[in-house]
2 protein chains.
Amino acid sequence: MAKVIQKDKSTEEKILAAAKNVFIRQGMMGARMQDIADEAGINKALLHYYFRNKEQLFDVIFMQAAGQLFPRIRMIFESDVPLFEMIERFCEDYIEIISANTYLPLFVFNEINRDPAGFMKKINGAMGFPKPELFLQKIEKEIKKGTIKKISPLQLLLNLLSMCIFPFVAKPLLLVNLQLDEMQFRAIMDQRKKDVARFIIDSIKK
Amino acid sequence: MAKVIQKDKSTEEKILAAAKNVFIRQGMMGARMQDIADEAGINKALLHYYFRNKEQLFDVIFMQAAGQLFPRIRMIFESDVPLFEMIERFCEDYIEIISANTYLPLFVFNEINRDPAGFMKKINGAMGFPKPELFLQKIEKEIKKGTIKKISPLQLLLNLLSMCIFPFVAKPLLLVNLQLDEMQFRAIMDQRKKDVARFIIDSIKK
DNA sequence: GTCTATAATTTGATAGAC
DNA sequence: GTCTATCAAATTATAGAC
């Protein structure tokens with residue numbers, strides 16, 4: 001195997017970290033290349049040396065963010081385990097994944113809002129969007145078996161997604177309104193892993 | 001009573017409608033005055049004649065949006081009715097209010113994310129932010145009375161807010177991914193008014 | 001690879017005629 | 001009130017030296 005020339009990535013990594021922060025705070029349009037350069041401790045010219053333009057830089061950041069989110073959700077949705085276990089795993093894993101990058105949901109929903117078709121094209125081309133079909137089927141089967149109450153599978157899916165994702169979208173509001181710090185928010189979300197799963201199962205089980 | 005000189009509002013209204021659309025799609029920073037002028041069918045100069053600058057125009061749009069949302073949520077949270085009824089009223093009223101302006105949640109959360117302290121100051125100065133204290137107290141009382149299961153009041157509040165608000169944040173994703181049109185989305189949200197309330201009550205009642 | 005200096009473009013805002 | 005023309009400032013992007 002040929003020896004791979006190890007390009008020095010320290011500057012590129014500094015840029016990506018800085019860009020991530022600025023894009024999260026300001027969004028694609030609000031972000032300023034100067035701010036990214038400042039936060040990376042370099043100048044604008046070097047930014048353009050590494051990434052030809054702003055759009056390309058944003059795409060790298062966005063696909064990187066999407067890449068650490070969607071494939072893992074897909075895995076949960078595609079795992080063939082009993083319904084209750086799938087619910088528990090989704091709450092546990094999803095909240096854990098996002099807790100490491102709480103900005104992700106709002107960031108992603110904004111990009112979808114800006115260009116829904118473009119988003120789906122980008123994601124499907126690169127990694128495939130998580131499909132909840134198996135989850136919906138499992139719900140219908142359990143209803144037919146009579147092990148859970150009659151409920152619209154789509155509504156139940158929305159409930160699950162809502163309760164796992166929404167608190168992260170609302171995080172800035174929760175922090176300022178409930179006067180929480182990062183530690184306290186993290187603790188509430190940790191608690192939520194078990195609470196949401198139990199809340200759902202309590203509601204649907206017969 | 002003196003006769004009020006009726007200023008012609010048709011142009012101003014066209015501007016406000018156009019600005020709302022552009023700010024929703026692009027956000028405060030992404031919005032272009034030219035785009036707003038185009039959508040209103042006028043030119044930039046006239047835009048500046050009606051609203052001195054972009055920030056002022058955005059503030060009008062934002063406070064208008066907030067004004068049709070927060071006071072009504074306050075009323076629900078402050079109404080002294082039994083817990084289950086409050087849950088039912090919240091689902092019914094909140095989903096109904098937002099259905100008329102589905103863009104509101106994402107719009108508001110973005111502004112909070114951009115400047116949390118500034119947001120609270122603006123809202124509290126103008127109309128007061130909805131306080132869920134009464135709701136939280138009612139939950140604790142019902143737990144003590146033994147009429148509902150033991151549950152963290154904060155987590156239950158988060159569940160309620162999540163399930164009512166999140167689908168609107170995720171609307172662009174739902175439309176493109178589930179291939180829904182506006183009518184179908186509206187129907188699902190209508191169904192949700194009753195479904196979410198029942199889902200919650202089923203989960204907590206003993 | 002990294003910088004300084006500057007070009008090129010976009011965009012918010014104003015002046016002044018009608 | 002509304003427009004055309006233009007300015008001033010901000011911002012992306014490049015040229016060229018080291």
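Worth knowing before you read on, the calculation uses all heavy atoms, side chains too, and leaves out hydrogens, waters and symmetry mates. In the text below, chain A, chain B and the rest are named by the order of the sequence lines, each starting its count at 1.
- In this entry the distance linking CD1 of A:I42 with C1' of C:dT4 reads 14 Å, nearest Å.
- Taking only side-chain nitrogens and oxygens, A:T11 never comes nearer than 4.0 Å to OP1 or OP2 of C:dG1.
- Look at A:H48 and you'll find a side-chain N or O under 4.0 angstrom from OP1 or OP2 of D:dA13.
- Within the 6.0 Å centre-distance limit, the rings of B:F23 and B:F58 are counted as a close aromatic pair.
- Spacing between atom CD of A:E13 and atom C1' of C:dG1 amounts to 16 Å, rounded to whole angstrom units.
- Atom OH in A:Y50 sits about 18 Å away from atom P in D:dA13, given to the nearest Å.
- Salt bridge annotation for B:E92-B:R198: absent, with no cationic side-chain nitrogen under 4.0 angstrom from a carboxylate oxygen.
- Counting to the nearest Å, the P atom of D:dT14 and the CZ atom of A:F51 are 15 Å from each other.
- Summarising the geometry, the separation between CD1 on B:I36 and P on C:dT11 is reported as 12 Å, rounded to the nearest angstrom.
- Salt-bridge check for A:R25 with A:D35: failed, with every basic side-chain N at 4.0 Å or more from each acidic carboxylate O.
- Spacing between atom CG of B:L57 and atom P of C:dT11 amounts to 17 Å, rounded to whole angstrom units.
- Phosphate proximity of C:dT14 to B:Y49: absent, as no side-chain N or O sits under 4.0 Å from OP1 or OP2.
- Rounded to whole Å, atom P of D:dA10 lies 14 Å from atom NZ of B:K54.
- Per the geometry, CG belonging to B:D38 stands 12 Å off P belonging to D:dC3, to the nearest Å.
- Taking side-chain N and O atoms only, B:N43 has a distance below 4.0 Å to OP1 or OP2 of D:dC3.
- Checked against the 6.0 Å centroid criterion, the rings of B:F77 and B:F90 qualify as a close aromatic pair.
- The minimum heavy-atom distance linking B:M127 with B:P71 is given by the pair SD-CD, 3.8 Å.
- Between A:F119 and A:R114 there is no side-chain heavy-atom pair separated by less than 4.5 Å.
- With C:dG1, D:dT14, D:dG1 as the choices, the nucleotide that has an atom nearest any side-chain atom of A:L46 turns out to be C:dG1.
- Here the closest non-hydrogen pair linking B:I87 and B:A197 is CG2-CA, 4.2 Å.
- Applying a 4.0 Å cut-off to non-hydrogen atoms, none of the residues of residues 21-34 of chain B approaches DNA chain D.
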